[in-house]
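Values reported hereafter were calculated over all heavy atoms of this structure, with side chains retained and with hydrogens, waters and symmetry mates removed. Each chain gets a letter, A, B and so on, in the order its sequence line appears, and its residues count up from 1.
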Amino acid sequence: MALVKIELPDGSLREVAAGSTPYDIALSIGEGLARQSIAARFEDRLVDMSTALECSGRLALITQNAPEALEVLRHSSAHLMAHAVKSLYGDDVQVTIGPSIDTGFYYDFFSEKKTFAPEDFEAIEKKMAELAKQDLPITREEMSSAEAIELFRAMGENYKVELIEDLGETRVSLYRQGDFVDLCRGPHVPRTGLLKVYKLISVAGAYWRGSEKNAMLQRIYATAFSDKKQLKAHLARLEEAKKRDHRKLGRELDLFSFNEEAGAGLVIWHPKGALLRSLIEDFERKEHLKRGYDLVVGPQILKTELWKISGHYENYRENMYFTEVDEQGYGIKPMNCLAHMLVYKTKIRSYRDLPQRYFELGMVHRHEKSGVLHGLMRVRGFTQDDAHIICRPDQIDAEVKAVMQFVRDVAGIFGFEYCMELSTRPEKAIGSDADWEAATSALRSALDDSGQAYEVNEGDGAFYGPKIDVKLKDALDREWQCATIQCDFTMPERFDLTYVGADGEKHRPVMLHRVIVGSIERFIGILIEHYAGNFPLWISPVQAVVVNVTDKQAEYVKKVEAQLREAGIRVHADLRNEKLGFKIREAQMNKTPYMLVVGDREMEEGQVAPRFRDGTSLDPMTVEEFIRFAAEEVKSFH
RNA sequence: GCUCACAUAGCUCAGAUGGUAGAGCACAUCCUUGGUAAGGAUGAGGUCAUCGGUUCAAUUCCGAUUGUGAGCUCCA
């Protein structure tokens, strides 16, 4: 019998008969290990415990607690769920696919008769537990695609048939547990008994193969872990995320609202929210001026003809709002670039004048599909911190790097981690190869120099140029695009932007579209969740509330309020006829950074007694001392 | 836009097999002047999202619309 050499992670070598399985090897090490291992890694491939090893190689057993175990566990849990659904609803339901995802797994089902609802979860979970308890062996088998197609067709599993047909493989693998069989690459845990900790989360629609042209399937989201504690922690995280939800906090902190009669996706900013945004806008203007940008302002509507020249009418029409007055059509701007180019075109520009950096906090309107609207994160009217840098091709590199540094600075001030993506030339693209090459390498080198990891999305760029996207995460770990840098060769062409070069000839500049926080609305949504509503002092709409202990201090409190306001502190006095504890509680629930308590003692000494929103407090200090103290804190942020 | 679900007081939520509705918080008035997360009493508040249909009768059943949620697709 042929022998193969298996190298284990500790470097030891074992000679075993060819065709031995990871299970055999685990068993030879110890029964406990064999029982606890759910899969194995052979060379760089994940394999089943029952996979026959026919050649020499490195083998690592994956026990329940190994990092890779979770993916296998969840994938197997998806099968278990599909198994349960099939045995409960049988022929009414067809299975499709069910992968593991970051937070658990899902399985997509097709059914014309059965509509899944959360009320079904208990029954499905119960069935899953039953099937797990039977400890069914999960076995892999291979067969020719033709045989597999026949098998699934006989079962009425048309989606599986389609999958196999499209795979185009000669042989496919199937996994079987009891009377359930699924097309699958694997690997899987060896027995259903290993699947113990799972929970169904939600049900939602999803298109077959992700295309809106295809049938709508029913997706059941669920999660699975190797132990109950982790599941509990995961559910607790979801709870915490709910508490941080910017839609909930936005209402509780009285920042903004939406109104059914005003229209979906249109933000109504309340006094505190409007103050918060203007603080961020002030910050933005200051930071842009610091970095050599010029402030410009364009009109809210521009003639339809201009949108035809820009190509928006052709490519972006469905997302735009149009209006007509005096038989003249106008389009409400969905982007700010047009006016910026018109600023550029008012003069003849020399190569010495470049780059021109035009910055605008521009309010744009886009008719987003109704189903995508989501609090402040996805709205129909929003304000971009938008700039267009019109520069010579040889300046792209430096400009892109400066923008990246800008993004880094701002992310640092707010304490964000972020991830970046580079999107390259799509199939349908305009512009010369040399232009694309120059622009893409400029973006790439800026990314490389940033020292931060980034993903490359080949072919995902805009038709007019490549782009860098920066994504921030919300409380539920959903990623939202904020900053983006896009290279554009088209607009300068379409609008015939030129500059006079050193040679006296006209040349075509390049335009960089870029935003730093993206949309002020979205950014505030993310900020609310990031800080859980506890805004740092410098952007807190209300920085301090002065509370009196009894009516006796009312006059003094008003004086203190005036004094603080004079010093630029955003303050209000709470003189209501309520007990101190009541007012403290309310200020704390409003997440006010400082509560300044004033009783007879403070009044006599010309002091206030500061208390933080975390419940700790400082010794009483004079009003002047507090003003200095608060100013120091504000200054420390940026 | 698509699938499913939901819409009751400012907010969070009860409620009936079809006979026009409640709680807590918030709000108002009064009492209370109380030192760091809720003092007490009384009161006001709803065409049960909108429009249509079925019915003797609809907030409840059906349909459409609007809005919201989870997700898909798309995007800042």
Side-chain angles (χ1 to χ4, degrees), chain A residues 106 108 110-111 115-119 201-221 245 247-248 251-252 254 257-265 316 318-319 334-336 362 364 366-380 382-386 462 469-472 476 478-484 486 513-523 525-526 547-554 577-590 595-602 609-617 620:
Chain A
Y106 66 78
D108 286 348
F110 173 80
S111 180
T115 302
F116 292 105
E119 291 79 67
I201 302 287
S202 62
V203 57
Y207 297 110
W208 168 236
R209 305 188 129 186
S211 166
E212 55 187 329
K213 294 194 188 86
N214 290 343
M216 182 61 76
L217 307 172
Q218 300 182 55
R219 174 171 298 178
I220 299 180
Y221 279 97
D245 191 316
R247 294 165 297 185
K248 179 175 143 76
R251 188 170 47 241
E252 287 172 1
D254 200 12
S257 63
F258 292 90
N259 183 287
E260 190 174 332
E261 289 170 302
Y316 207 70
E318 314 76 62
N319 283 296
M335 297 182 193
N336 301 300
V364 295
R366 299 182 184 175
H367 185 262
E368 301 289 349
K369 292 177 182 176
S370 59
V372 305
L373 301 176
H374 181 91
L376 291 181
M377 304 300 201
R378 196 76 183 269
V379 292
R380 285 183 172 153
F382 59 100
T383 311
Q384 290 184 306
D385 60 337
D386 203 1
D469 291 326
V470 178
K471 296 188 168 173
L472 301 181
L476 281 167
R478 287 182 288 214
E479 287 182 352
W480 295 96
Q481 184 167 320
C482 291
T484 178
Q486 304 177 356
H513 307 245
R514 46 105 288 182
V515 290
I516 302 297
V517 307
S519 127
I520 300 288
E521 284 75 4
R522 175 178 292 180
F523 188 63
I526 293 173
V547 292
N548 54 338
V549 177
T550 71
D551 287 348
K552 259 199 319 198
Q553 303 92 29
N577 175 18
E578 296 290 350
K579 285 186 153 179
L580 180 61
F582 181 92
K583 296 191 210 179
I584 292 280
R585 177 172 192 271
E586 193 171 283
Q588 188 125 355
M589 293 210 307
N590 288 333
M595 289 145 252
L596 305 177
V597 178
V598 170
D600 284 341
R601 292 199 295 274
E602 288 77 15
R611 179 192 205 275
F612 297 104
R613 60 189 151 190
D614 68 0
T616 60
S617 52

In whole angstroms, the gap separating C1' of B:A76 from CG of A:Leu373 amounts to 13 Å
A:Lys579 NZ to B:G39 P, in whole Å, measures 6 Å
In short, A:Tyr207 meets A:Met216 closest at the heavy-atom pair CE2-CE, 3.3 Å
A:Ser370 vs A:Arg380 side-chain heavy atoms within contact, under 4.5 Å | yes
| task | In whole angstrom, give me the gap between the C1' atoms of B:A57 and B:U42. | result | 37 Å
Considering every strand and a 4.0 Å limit on heavy-atom distances, what is the contact class for A:Asp600: base, sugar-phosphate, or nothing? base
A:Asp108 CG to B:C2 C1', in whole Å, measures 14 Å
Does A:Arg611 have a side-chain nitrogen or oxygen under 4.0 Å from the phosphate oxygens OP1 or OP2 of B:A37?
-> yes
Tightest non-hydrogen contact, residues A:Pro610 and A:Ser617, listed as O-CB, 3.3 Å
Hits for side-chain contact (heavy atoms from CB on, under 4.5 Å) against A:Lys579, two or more places apart or cross-chain, chain-then-number order -> none
Pairs under 3.5 angstrom, nitrogen or oxygen only, protein versus nucleotides 24-30 of chain B, please.
none

Hits for side-chain contact (heavy atoms from CB on, under 4.5 Å) against A:Thr383, two or more places apart or cross-chain, chain-then-number order -> A:Arg277, A:Glu281, A:Leu361, A:Met363, A:Ile520, A:Glu521
Parsed dot-bracket for RNA chain B after applying the Watson-Crick and G-U rules with both distances under 3.5 Å and | for other-strand partners is (((((((..((((.....[..)))).(((((.......))))).....(((((..]....))))))))))))....
A:Glu212 meets the salt bridge (charged side-chain N to carboxylate O under 4.0 Å, His left out) criterion, sequence neighbours left out, with A:Lys369
- Query: If you look at every strand shown and take non-hydrogen atoms under 4.0 Å, does A:Ser370 touch a base, only sugar-phosphate, or nothing?
  - Reply: base
>> For B:U73 and A:Arg219 - does any side-chain N or O of the residue sit under 4.0 Å from the phosphate oxygens OP1/OP2?
In response: no
inquiry  = Using a heavy-atom cut-off of 4.0 Å across all strands, would you classify A:Val372 as base, sugar-phosphate, or nothing?
reply    = base
>> Using side-chain heavy atoms (C-beta onward) and a distance below 4.5 Å, is A:Asn336 in contact with A:His513?
In response: no
Check: Expressed in whole Å, how much space separates the P atoms belonging to B:C2 and B:U60?
Finding: 25 Å
Atom CD of A:Glu212 and atom C1' of B:C2 are separated, to the nearest Å, by 7 Å
Next on the checklist: Counting the atoms with a prime plus P, OP1 and OP2 as sugar-phosphate, which does A:Gly599 contact under 4.0 Å by heavy atoms, base, sugar-phosphate, or nothing?
Outcome noted: base
Per the glycosidic torsion and the 90° limit around 0, nucleotide B:G45 is syn
Between CD1 of A:Ile220 and P of B:C72 the distance, given in whole Å, is 15 Å
By nearest-heavy-atom nucleotide on RNA chain B, the more 5' of A:Ser519 and A:Ala609 is A:Ala609
Next on the checklist: Within the 4.0 Å heavy-atom criterion, would you say A:Tyr221 contacts the bases, only the backbone, or no part of the nucleic acid?
Outcome noted: sugar-phosphate
Base, sugar-phosphate or nothing for A:Glu368? Non-hydrogen atoms, less than 4.0 Å. base
key: Near-parallel close stack of A:Phe382 and B:A76 base (under 5.5 Å, under 30°)   = yes
What are the atom names and distances for every N/O pair under 3.5 Å that joins the protein to nucleotides 8-17 of chain B?
unit_1 : atom_1 : unit_2   : atom_2 : d
B:C11  : O3'    : A:Arg251 : NE     : 3.4
B:U12  : OP1    : A:Arg251 : NH2    : 2.9

The side-chain contact (heavy atoms from CB on, under 4.5 Å) partners of A:Thr115 (sequence neighbours excluded) come to A:Gln218
With sequence neighbours left out, the residues meeting salt bridge (charged side-chain N to carboxylate O under 4.0 Å, His left out) with A:Arg613 are none
Original post:
When the C1' atoms of B:U47 and B:U59 are considered, how many whole Å apart are they?
Top reply: 10 Å
Exercise for the section: Might you work through the side chain to side chain contact (heavy atoms under 4.5 Å, CB included) test for A:Phe382 and A:Arg366, ending with a clear yes or no? Expected result: CA-CA 8 Å; A:Phe382 59 100; A:Arg366 299 182 184 175; 3.7 Å; yes
Requested in this report: Would you mind classifying the nucleic acid contact of A:Val517 as base, sugar-phosphate or nothing, using non-hydrogen atoms under 4.0 angstrom?
Outcome: nothing
Taking any heavy-atom pair under 4.0 Å as a contact, classify A:Gly210: base, sugar-phosphate, or nothing. sugar-phosphate
Sequence neighbours excluded, the answer for salt bridge (charged side-chain N to carboxylate O under 4.0 Å, His left out) partners of A:Asp385 is none
When A:Gly265 and A:Val515 are each assigned the nearest nucleotide of RNA chain B, the 5'-most assignment goes to A:Gly265
Original post:
Is there a donor and acceptor pair, one atom on the side chain of A:Arg378 and one on the base of B:C74, closer than 3.5 Å?
Top reply: yes
*Side chain A:Glu586, main chain A:Lys583, donor-acceptor under 3.5 Å*: no
Inset, instruction - Any chance you could lay out the side chain to side chain contact (heavy atoms under 4.5 Å, CB included) test for A:Met377 and A:Ile526, step after step, and finish with the verdict? - result: CA-CA 8 Å; A:Met377 304 300 201; A:Ile526 293 173; 3.7 Å; yes
Can you tell me how far P in B:A37 sits from the matching atom in B:A76, rounded to whole Å?
47 Å
Quiz item: What is the nucleic acid contact for A:Glu119, judged by heavy atoms within less than 4.0 Å: base, sugar-phosphate only, or nothing?
Solution: nothing
To the nearest angstrom, the CE-C1' distance between A:Met589 and B:U36 comes to 15 Å
**Message:** Measuring to OP1 and OP2 of B:U68, would you say a side-chain N or O of A:His374 lies under 4.0 angstrom away?
**Reply:** no
Between B:G40 and B:C4, how many Å separate the two C1' atoms, rounded to a whole number? 48 Å
Between protein and nucleic acid, restricted to nucleotides 41-52 of chain B and to nitrogen or oxygen atoms under 3.5 Å apart, what atom pairs and distances do you find?
none

- Task: Mark yes or no for a side-chain to base donor-acceptor pair under 3.5 Å between A:Gln553 and B:G35, with no hydrogen or angle criteria applied.
- Result: no
So does A:Tyr207 reach the base of B:G1 with its side chain, donor to acceptor, closer than 3.5 Å? yes
Atom NZ of A:Lys583 and atom P of B:G34 are separated, to the nearest Å, by 13 Å
Give each protein N/O atom lying under 3.5 Å from an N/O atom of nucleotides 3-6 of chain B, with the pair distance.
unit_1 : atom_1 : unit_2   : atom_2 : d
B:U3   : O2     : A:Gly205 : N      : 3.3

Residues A:Val379 and A:Gly265: closest non-hydrogen pair is CB-O, 3.3 Å
For the residue pair A:Leu472 and A:Trp480, establish whether any side-chain heavy-atom pair is separated by less than 4.5 Å. no
Fill in: Integer angstrom distance from the C1' of B:A14 to that of B:A23
7 Å
Across all chains, not counting sequence neighbours, the salt bridge (charged side-chain N to carboxylate O under 4.0 Å, His left out) partners of A:Asp600 are A:Lys552
Inset, instruction - Assess whether one donor atom and one acceptor atom, taken from the side chain of A:Gln588 and the base of B:A37, lie less than 3.5 Å apart. - result: yes
Separation of B:U73 atom P from A:Trp208 atom CH2, nearest Å, is 14 Å
